[in-house]
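The structure under discussion appears below in the form of structure tokens.
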Amino acid sequence: MSFKQYDFVGKSRIFYIISIVITIVGLLFLLTRGLNYGVDFRSGSNVDMAFSQPVTTEQIQSVLEEVGISEGASITPGNDRVNVRFSEVLAEEQDLQLKAGVEKLDPEATFEINTVDPEMAKELGRNAIYAVLLSSIGIIIYVSIRFEWRFAIAAIVALLHDAFVVISIFSILGLEVSLTFIIAVLTIIGYSINDTIVIFDRIRENLRFAKIKRYADLKDLVNKSLAQTLWRSIFTALSVFIAAFFMLLLGGESIRMFSLAICIGLAFGAYSSIFIASPLWLTLKGRNVSNKPKAPKPNKDKIEV
Amino acid sequence: MKRIISFIATVLGITILMAVTTPGLLKDVRLGLDLKGGFEILYEAQPLMEGQQVTPEALQETAKSLQKRADALGTTEPEVTPEGSNRIRLKVAGVTDEAEVRKTMKEPANLTFRSNDGCEEGQEFCKIELRGDDFVENGASISYNQLNQPVIDIKVKDKAKFAEITGRLLGRELAIFMDDTMLSAPTVNAILTDGSAQITGSYSLDEAKEIRDTINLGALPLKLEEKYSQSVGATLGMQSLNKTLQAGIIASIAILLFMILRYRVPGLLASFALILHTWLLILIFVLADFTLTLPGIAALILGIGMAVDANIITYERIREEIKTGKRVSSAVKAGGKSSLRAIMDSNLTTILVASVMFAFGTGAVKGFALVLILEIIVSIATNVYFSRFLLNLLVNIGWASKPSHYGVKERDIREL
């Protein structure tokens, strides 16, 4: 397969629209439905139970009623696992009574219990936002030094786009957001820039030997760079995707959502490096080219972008 | 010939080293509570009495006293670490009676001075004479007597009470207890009326310091409140460990297969470097006594995918150079050289974000970030430099000199 003649950036308008639509839909969902916060972010208790024999939701429900903690508890049944979430923090006694009650159903039941105080939850969220902001600033500075500011702007837009898409999809599907989700989003921010850098590195390299007179020259250069690095971008994302995908498929329960977030982030990361970051750099740089006094008047290409 | 020998020696030597050491290393990896079962509690400390402040010393002392209590309960390797200005994290593995541990931990440090006054036969130090809050906050200090032995100066709040006690117990023992452990049993030598006293004895400096710290802690006991807790049953932890490891092994095999099918000979070298990469990471974990949690293992598995990125970028570049009609040996040289910058730039940005994560994160986030940073550094050594070293050796020997060794078809090569 050859993409040598493929006009990647020419279709950027379609991809901009797709990304903007996803962003708006995501924003709407975030504002109306918000995120399905797990126990890490919402104070309360989360109890995971693994059973050696089938246990029904009704049986669990009756245990909860016995202990007197059924109010505000939501039960999510699974194969051999049941998850119960309490909006209130379980007191130590309730905790013990619950365990004793469940062990009557299945003496070999094992538990994972998480309890978080609301203050801690707020602090976690705040730190995550600081981390995202600080990482973004760090990346802008680094890319500005190693490349130039236009690359930095384009990279950061693509990167925040990736992170936002993942958050949006979790909001739209109502998937649970826990501490590992925050780790996933931060990892995406750290990693999805890699693809972008590989492409930008090639643009930078090609720029050294190119004579850019018109906007069209620049556009050809970006297209050429994208074609040259296309498999690289896809395969580097794929290798990590394989790792995340198998963890999603086979890994422990508590890192499923983490793996899913990484998978989504990787897919969108590869997409945004090619279809968002590169055209965006072209738009920023192209303005510069056509503004030069000797450059010909803006042609049709310019208007398209 | 020399090159052939050094290539074979390198590969064989490393393989044998890894094969021999891996089982022992795996046994020595320290697993986190989420994998081997146990519980973790984050406490926030508050002064027991209003108007007082949590000082770093008080927090440190409270942590030490928690450590002692946890040790006394006979739990395996309890870990107590002060965090920030007012928090203490407690980790205990494999506890059978969680409720008891939690109850014991929560009680404030209880300092008492006890005497034998009025005790029945066989009973020792039954009467509590002074409590922690009878002492002036941070009033205990160390000085030296004429013999240059360390002594502990203490101050009490109620002079009259102290005078009465010392008067009544003159010549008898007044023992110092922390919770139910006796630290020392000095004898009262004089009636003390000004509220201050000196505890003398043949203490070493360390012993004296410990008594001073304990008294100061007792004077400012902290109340502990649970802010976060996680408890994992041992079987559940084992389950997630096994599942995740299985996922990781299958993912690694898939990645190795992909590398070999797409890049042939260099792909094989990259796979070897990747195995070395994973082995080195485990070695580092063991040597640094690093606790591996589930997010840490997730980072390890993701890192396997990230490590080969360097190889993919380099090999794609080499293939590109071969297709332009270059000789394989010069394509390898050019490919390695021109891909290095992109590889370093992308790795450094990931390290940058991981460092931020490390700085802002707590617990699991920190663990994940640290594994990620280590990984990238190791991958630069193995999957950038080491795999390149191997490839150069092979090319110089003349074993990987055909375009097909790099997965390039003859018809894709442009004539020069």
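So you know, we letter chains A, B, ... as the sequences are listed, proteins then strands, and number each from 1. Values below: all heavy atoms of this structure, side chains included; hydrogens, waters and symmetry mates excluded. These figures come from a predicted structure and were not determined experimentally.
Contact tally against chain A (heavy-atom pairs below 4.5 Å) for B:I351, B:I343, B:T235, B:L372: the top residue is B:T235. Put simply, of A:L96, A:T187, A:T196, A:L179, the one with the most heavy-atom pairs under 4.5 Å next to chain B is A:T187. Residue with the most contacts toward chain B among A:T236, A:T110, A:I255: A:T236 (heavy-atom pairs, distance under 4.5 Å). With chain A as the partner, the residue from B:K227, B:M357, B:M259, B:M306 showing the most heavy-atom pairs under 4.5 Å is B:K227. Chosen from A:I262, A:I197, A:I189, the residue pairing most often with chain B at heavy-atom distances under 4.5 Å is A:I197.
Counting heavy atoms from C-beta outward, B:L352 and A:S135 have side chains that stay 4.5 Å or more apart. For the pair A:T115/B:Y228, no side-chain contact is recorded, criterion being any heavy-atom separation below 4.5 Å from C-beta on. A heavy-atom distance below 4.5 Å is found between the side chains of B:Y263 and A:F235. Between B:T314 and A:R232 the shortest side-chain heavy-atom distance does not fall below 4.5 Å. At least one side-chain heavy atom of A:M247 sits under 4.5 Å from a side-chain heavy atom of B:L302. Annotation: side chain of B:E316 is not in contact with side chain of A:V198 (no heavy-atom distance under 4.5 Å). Side-chain contact between B:S346 and A:I193: absent, with no pair of heavy atoms (C-beta onward) separated by less than 4.5 Å.
Neither the backbone nor the side chain of A:L248 comes within contact range of chain B, judged by heavy atoms closer than 4.5 Å. There is no contact between B:L241 and chain A, counting heavy-atom distances below 4.5 Å. In this structure, chain B has a heavy atom under 4.5 Å from the side chain of A:F147, while its backbone stays farther away. Heavy atoms closer than 4.5 Å to chain B are found in both the backbone and the side chain of A:I139. With a 4.5 Å cut-off on non-hydrogen atoms, A:R146 touches chain B through its side chain but not through its backbone. Residue contact with chain B, scored on non-hydrogen atoms closer than 4.5 Å, is absent for A:S259. At a 4.5 Å heavy-atom cutoff, A:N46 makes no contact with chain B through either its backbone or its side chain. For a residue to count as touching a neighbouring chain, one of its non-hydrogen atoms must lie under 4.5 Å from one of that chain's; by this rule B:I313 touches chain A with backbone and side chain alike. Contacts of A:L238 with chain B are made by side-chain atoms alone, with heavy-atom separations under 4.5 Å and no backbone atom involved. Only the side chain of A:D201 comes within contact range of chain B, judged by heavy atoms closer than 4.5 Å. With a 4.5 angstrom heavy-atom cutoff, B:R317 touches chain A via backbone and side-chain atoms both. For B:A354, no part lies near chain A; criterion is any non-hydrogen pair under 4.5 Å. In this structure, the portion of B:R87 lying under 4.5 Å from any heavy atom of chain A is its side chain and not its backbone.
Considering all non-hydrogen atoms of both residues, A:G251 and B:A247 come closest at N-CB, 3.8 Å. Between A:Y142 and B:M344, the shortest heavy-atom distance links the atoms OH-O, 4.4 Å. Nearest heavy atoms, B:A254 versus A:I242: CB-CG2, 3.7 Å. Taking both residues in full, the closest heavy atoms of A:D48 and B:L236 are given as O-CD2, 4.1 Å, listed atom of the first, atom of the second, then distance.
Expressed to the nearest 0.5 Å, how far OG of A:S239 lies from CZ of B:R262 amounts to 12.5 Å. The distance from atom CG of A:L249 to atom CD of B:Q246, rounded to the nearest 0.5 Å, is 10.5 Å. Considering OG1 of B:T349 and CG of A:N194, their distance stands at 5.0 Å, rounded to 0.5 Å. One finds the NZ atom of B:K366 at 12.0 Å from the CD1 atom of A:I183 (value rounded to the nearest 0.5 Å). Between atom CD1 of residue B:I250 and atom CZ of residue A:F245 there is a gap of 11.5 Å, rounded to the nearest 0.5 Å. Annotation: the span from B:T244 atom OG1 to A:R256 atom CZ amounts to 9.0 Å, rounded to 0.5 Å.
Counting only distance, with no hydrogens or angles, the side chain of B:S240 and the backbone of A:G252 share no donor-acceptor pair below 3.5 Å. A donor-acceptor pair is defined here as one N or O able to donate and one able to accept, closer than 3.5 Å; such a pair exists between the side chain of B:T350 and the backbone of A:G190.
Shown here is B:K333, whose NZ atom has no more than 12 heavy atoms of other residues, nucleotides or ligands within 6.0 Å.
Side-chain contact check for A:N114 and B:S229: no donor-acceptor pair (N or O, by modelled atom type) lies under 3.5 Å.
A:F258 and B:F368 have perpendicular rings, their planes meeting at more than 60° on a 0 to 90° scale where under 30° would count as parallel.
Looking at A:E205 and B:K337, no side-chain N of the basic residue comes within less than 4.0 Å of a carboxylate O on the acidic one, giving no salt bridge.
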| request: Give the intermediate values and the outcome of side chain to side chain contact (heavy atoms under 4.5 Å, CB included) for residues A:R202 and B:S338. | output: CA-CA 10 Å; A:R202 183 54 67 97; B:S338 44; over 6 Å; no
